[in-house]
Novice: 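Quick one: the structure is below, questions incoming.
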Amino acid sequence: MFTRMNDSPSDKGLRVFANRLRVRFAPSPTGFLHVGSARTFIFNWLYARHNGGTMILRLDDTDVERNTEASVQSIFEGLKWLNLGWDEEYKQSERLGLHREMANAIFEKGVAYRDFTPAHAEDSERSGAQGPWLFNPGMPELSRPESDRRAAAGEPFAMRFRVPRGDARPVSFVDAVYGEQSKSTADIEDFALLRSDGMPTYHLASCADDAGLSISHVIRGQDHLTNTFKHILILEAAGIAPPQFAHLPLLIAPDGSKLSKRRHGAVVSVTTYRDAGFLPEAFVNFLCLLGWSPKDNRERMNGKELVETFSLEGINRANAVVNFKEGATSPVNAQAEETFDPKAVWLNAEHIRALTVEDLSNRLTPIVREAGFNVTSEKMLQITPLVRERIKLLRDVLTVADFFFVDRLPAYDPAELIPQKGDADMALRALRRAHEVLAQTEFKHDPLDQALRAAAQELGLKAGQMFQPIRVAVCGRKNAPPLFETLEVLGRGTTLERVKQAVEKICTAV
RNA sequence: GGCGCUAUCGUCUAGGGGUUAGGACGGAAGAUUCUCAAUCUUCAAACCCGGGUUCGAUUCCCGGUAGCGCUACCA
């Protein structure tokens, strides 16, 4: 919890939220919503809800060069799909005054200095990771009078934090996940607070806003673990007590590299999961299981259970692999299930089966309609129980139940109509007899079952030998939902028509 | 290069000084229903390496190795 200390840069912007648990998710709008970011959002949200705290969304948009409105929209789109919500919303770019005040306060205190080195035109092959380590990436510090003179002359400068070096000391904090952390100031460079265009850097803006918004717990990716030492330094200089930190292990690709859209494709974007037919609750569940465990062997959990069970103690420290298939193409196609982490797909199927028929039906209907089929809600309600245990992703309904939606069956191989250990003649006999039986049997499960079994016996066929040709005739393929339920939904007219067509198909094929 | 973090089945993980190292996904085999799916049963599959501490380490400590992160006027 932030407690105000003396010396704070300003009272403006430092609203005091009395002793409440407040967390934030602070994405920078430079791309789509990444699965790793989504998980960070979820963990923050869970922590807030579990403890009755406040969830804040803050757009960290201080990098004017890279931010785009499209990205803002795409992040909202992803978050909206997650369907978790948040309580307060801010934009860093609207809080610049606060950031500058903090920078100036630190400068006036003598803990920061101006660096007039021109900004490097950043290039991709920034190999600064080699060579000797520089405590000051820019230029040596100028005397204050000269610094003032050049600043007054209008020369642009970046503002750097002067990290104690000759009198190096350890900077430490306790991370809720990684435990005690410590690093010597001798190993921390003079990082920038303000860019030469006057915009704050991430470090400064983040600290100022976390303080300003009274963030009590900063839960973020482990890539910020070492940055935290800088943040502690900033906070110290500004006279503000640091929040509680909890760093999350990172989500990585099967090859151990970090998730990147360029290298790994659409599987790293949240909306891809939405478009492929994942249930948001299943996706959230899946992400939770990456780097966190309820420790009681539970896998499928709904939102309520997650909120009840979630704790920072359950978070582990090793990076987690999102086990998708490398090099997969568009996930919204027939191979979708091969593309995603198998566990995500399985969990989705689990959640689908846990849905009520009405709920599932409501989620399936728009997908079917968008695919160009006219289907009434009533009919979807009938079809849903037949597909529920056969689909893993919502979109699978299009391939599993297609024959319910079309007027004419797509072409299929007449050989499919021939039953096990049978021939074309057997198929013909079965179908002709089926046509007669179906013409006069009530289209309900039990009567159909009895009549068709009796017919099979009459013809000296095994039940399967009777049913299979009918199944293929009405579904156009061998693998389909149970026959009698299917016929019931299809109705007599369609059924008889398709059986008749099957008979003709065999005749012309022979 | 420097600094930091991490290391249990292919993947996600539980566990922890003495265990047959547990579960899940995926894989294999079988049972079951009119096919498929679902369900059930069974099987294969792991403590990175080397020292130390200890009666005993996968577990604790140190070192190595590997991976990841930071080392930007990106976040």
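Below, chain A is the first sequence line, B the second, and so on; all start at residue 1.
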Novice: Between B/C34, B/C25, B/C36, which nucleotide gets closest to the side-chain atoms of A/P342?
Specialist: B/C25
Novice: When all nucleic acid strands are considered with a 4.0 Å heavy-atom cut-off, which category describes A/H247: base, sugar-phosphate, or nothing?
Specialist: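 Since no nucleic acid heavy atom lies under 4.0 Å of A/H247, the category is nothing.
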Novice: For A/L483, which contact category applies under a 4.0 Å heavy-atom criterion: base, sugar-phosphate, or nothing?
Specialist: base
Novice: Looking for any heavy atom pair under 4.0 Å, which part of the strands does A/R66 touch: base, sugar-phosphate only, or nothing?
Specialist: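 The residue A/R66 makes base contact.
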Novice: Under 4.0 Å from OP1 or OP2 of B/C36: is there any side-chain N or O of A/R477 that close?
Specialist: no
Novice: Whole angstroms only, please: what is the CG-P distance between A/L417 and B/C34?
Specialist: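 A/L417 atom CG is separated from B/C34 atom P by 21 Å.
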Novice: Between B/A75, B/C12, B/A24, which nucleotide gets closest to the side-chain atoms of A/W346?
Specialist: B/A24
Novice: Please measure how far the P atom in B/G63 lies from the corresponding atom in B/A45, and state the result in whole Å.
Specialist: 35 Å
Novice: Could you point out which residue of A/R95, A/R220, A/R24 forms a salt bridge (Lys or Arg N to Asp or Glu O under 4.0 Å) with A/D210?
Specialist: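 Answer after filtering A/R95, A/R220, A/R24: A/R24.
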Novice: Tell which nucleotide pairs with B/C34, taking only Watson-Crick or G-U wobble pairs whose two distances are both under 3.5 angstrom.
Specialist: none
Novice: On a whole-Å scale, what distance lies between the P atoms belonging to B/U20 and B/A38?
Specialist: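 Straight-line distance between the two P atoms is 35 Å.
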Novice: Measure CG/A/N316 against P/B/A24 and give the value in whole Å, please.
Specialist: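 Answer to the nearest Å: 19 Å.
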Novice: Using a 4.0 Å heavy-atom cut-off across all strands, classify A/S28 as base, sugar-phosphate, or nothing.
Specialist: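 Sugar-phosphate only.
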Novice: Go nucleotide by nucleotide along RNA chain B from the 5' end; which of A/N323 and A/E350 gets its closest nucleotide reached first?
Specialist: A/N323
Novice: Any chance CD of A/E69 has more than 12 other-residue heavy atoms, nucleotides or ligands included, within less than 6.0 Å?
Specialist: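 Enclosed: over 12 neighbouring heavy atoms sit under 6.0 Å from CD of A/E69.
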Novice: Can you tell me the distance, in whole Å, between the NZ atom of A/K230 and the C1' atom of B/C70?
Specialist: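 Checked: the NZ to C1' distance equals 6 Å.
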Novice: Between A/K343 and A/E299 (salt bridge meaning N to carboxylate O under 4.0 Å), is one present in this structure?
Specialist: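 Looking at A/K343 and A/E299, the cut-off is met.
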Novice: Establish whether the base of B/G22 is bridged to the side chain of A/N297 by a donor-acceptor pair shorter than 3.5 Å.
Specialist: yes
Novice: With heavy atoms under 4.0 Å as the rule, sort A/P156 into base, sugar-phosphate or nothing.
Specialist: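 It contacts nothing in the nucleic acid.
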Novice: Which nucleotide, B/G4, B/G2, B/C12, lies nearest any side-chain atom of A/D187?
Specialist: B/G2
Novice: What does A/S293 touch in the nucleic acid at a heavy-atom separation under 4.0 angstrom: a base, only the sugar-phosphate, or nothing?
Specialist: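 Sugar-phosphate, no base atom in range.
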Novice: Counting the atoms with a prime plus P, OP1 and OP2 as sugar-phosphate, which does A/N227 contact under 4.0 Å by heavy atoms, base, sugar-phosphate, or nothing?
Specialist: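 Here A/N227 touches the bases of the nucleic acid.
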Novice: Does a distance-only test, which skips hydrogens and angles, find a donor-acceptor pair under 3.5 Å between the side chain of A/D223 and the base of B/A75?
Specialist: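 Absent.
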Novice: Is any side-chain N or O of A/K295 under 3.5 Å from a base N or O of B/A14, one able to act as donor and the other as acceptor?
Specialist: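 No such pair is found, so the answer is no.
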Novice: In the strands shown, is B/G4 matched to any nucleotide by a Watson-Crick or G-U wobble pair with both distances under 3.5 Å, and which?
Specialist: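 Here B/G4 is engaged in a pair, and the nucleotide opposite it is B/C68.
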Novice: Rounded to whole angstrom units, what separation is found between the CZ atom of A/F403 and the C1' atom of B/U35?
Specialist: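 These atoms are roughly 12 Å apart.
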Novice: Do any side-chain nitrogens or oxygens of A/T62 fall under 4.0 Å of OP1 or OP2 in B/A75?
Specialist: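 Checking A/T62 against B/A75: at least one side-chain N or O falls below 4.0 Å of OP1 or OP2.
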Novice: Nearest nucleotide by nearest heavy atom, which residue falls closer to the 5' end of RNA chain B, A/F157 or A/E180?
Specialist: A/E180
Novice: Using atom C1' of each nucleotide, how far apart are B/C47 and B/U32 to the nearest Å?
Specialist: 38 Å
Novice: At less than 3.5 Å, do the side-chain atoms of A/R471 and the base atoms of B/C34 form a donor-acceptor pair?
Specialist: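 Side chain to base: pair present.
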Novice: May I ask you to say what A/P249 touches in the nucleic acid, namely base, sugar-phosphate or nothing, with a heavy-atom cut-off under 4.0 Å?
Specialist: nothing
Novice: Please classify the nucleic acid contact of A/G221 as base, sugar-phosphate, or nothing, using heavy-atom distances under 4.0 Å.
Specialist: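 Touches nothing.
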Novice: State the CE-OG1 distance between A/M199 and A/T201, to the nearest 0.5 angstrom.
Specialist: 10.5 Å
Novice: Please give the distance between the C1' atoms of B/C48 and B/U6 as a whole number of Å.
Specialist: 12 Å
Novice: Starting from P on B/U11, measure out to CG on A/L250 and report it in whole angstrom.
Specialist: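 One finds 17 Å between P of B/U11 and CG of A/L250, rounded.
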Novice: Sticking with atom P, work out how far B/G27 lies from B/A21, rounded to a whole angstrom.
Specialist: 27 Å
Novice: What integer number of Å spans the C1' atoms of B/G10 and B/G26?
Specialist: 8 Å
Novice: Check this for me: does any side-chain nitrogen of one of A/R169 and A/D167 sit under 4.0 Å from a carboxylate oxygen of the other?
Specialist: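 Salt bridge absent between A/R169 and A/D167.
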Novice: Measure the distance from CZ on A/R220 to C1' on B/G69 and round it to the nearest whole Å.
Specialist: 13 Å
Novice: Need the pair for B/U41. Rule: Watson-Crick or G-U wobble, both distances under 3.5 Å, any strand; none if unpaired.
Specialist: B/A29
Novice: Specify the separation, in whole Å, of atom NE2 of A/H224 and atom C1' of B/U6.
Specialist: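 From A/H224 NE2 to B/U6 C1': 18 Å.
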Novice: Any base atoms under 4.0 Å from A/A480, or only sugar-phosphate, or nothing? Heavy atoms, all strands.
Specialist: base
Novice: Do A/S147 and A/R114 pair up side chain to side chain, a donor and an acceptor below 3.5 Å, judged on atom types alone?
Specialist: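 Distance-only check passes for A/S147 and A/R114.
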Novice: A/D190 pairs by salt bridge (Lys or Arg N to Asp or Glu O under 4.0 Å) with which of A/R162, A/R160, A/K230, A/R165?
Specialist: A/R165
Novice: For A/R353, answer base if it contacts any base atom (sugar-phosphate contacts may also be present), sugar-phosphate if it contacts only those atoms, and nothing otherwise; contact means non-hydrogen atoms under 4.0 Å.
Specialist: sugar-phosphate
Novice: Report which part of the nucleic acid A/E299 touches: base, sugar-phosphate, or nothing (heavy-atom distance under 4.0 Å, all strands).
Specialist: base
Novice: Could you identify the nucleotide paired to B/G63, looking across every strand shown and requiring Watson-Crick or G-U wobble geometry with both distances under 3.5 Å?
Specialist: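 Base-paired to B/C49.
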Novice: I'd like the C1' distance from B/U13 over to B/G52, given in whole Å.
Specialist: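 To the nearest whole Å, 30 Å.
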Novice: How far, in whole Å, is B/C60 from B/G18 if one measures between their C1' atoms?
Specialist: 15 Å
Novice: Determine the contact category for A/Q181: base if any of its heavy atoms lies under 4.0 Å from a base atom, sugar-phosphate if only primed atoms, P, OP1 or OP2 are that close, otherwise nothing.
Specialist: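 Here A/Q181 touches the backbone only, sparing every base.
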Novice: Which nucleotide, if any, forms a Watson-Crick or G-U wobble pair with B/G18, using both distances under 3.5 Å?
Specialist: B/C55
Novice: Spell out yes or no: do the side chain of A/R390 and the base of B/C36 have one donor N/O and one acceptor N/O closer than 3.5 Å?
Specialist: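 A donor-acceptor contact between them is present.
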Novice: Should the heavy atoms of other residues, nucleotides or ligands under 6.0 Å from NZ of A/K392 be counted, would the total exceed 12?
Specialist: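 Count not over threshold, so no.
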Novice: In whole angstrom, give the distance that lies between atom CD of A/Q450 and atom P of B/C34.
Specialist: 15 Å
Novice: Could you tell me whether A/D296 and A/R298 have a side-chain N and a carboxylate O separated by less than 4.0 Å?
Specialist: yes
Novice: Using distance alone, with no hydrogens and no angle criterion, decide if A/T62 and A/H99 have a side-chain donor and acceptor under 3.5 Å apart.
Specialist: no
Novice: What nucleotide among B/U13, B/A75, B/U35 has an atom nearest to a side-chain atom of A/H203?
Specialist: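 Of the options given, the side chain of A/H203 lies nearest B/A75.
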Novice: At 4.0 Å (heavy atoms only), tell me whether A/K258 reaches a base, stays on the sugar-phosphate, or touches nothing.
Specialist: sugar-phosphate
Novice: Does any nucleotide pair with B/C9 by Watson-Crick or G-U wobble geometry, both distances under 3.5 Å, and what is it?
Specialist: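 Per the H-bond distance test, none.
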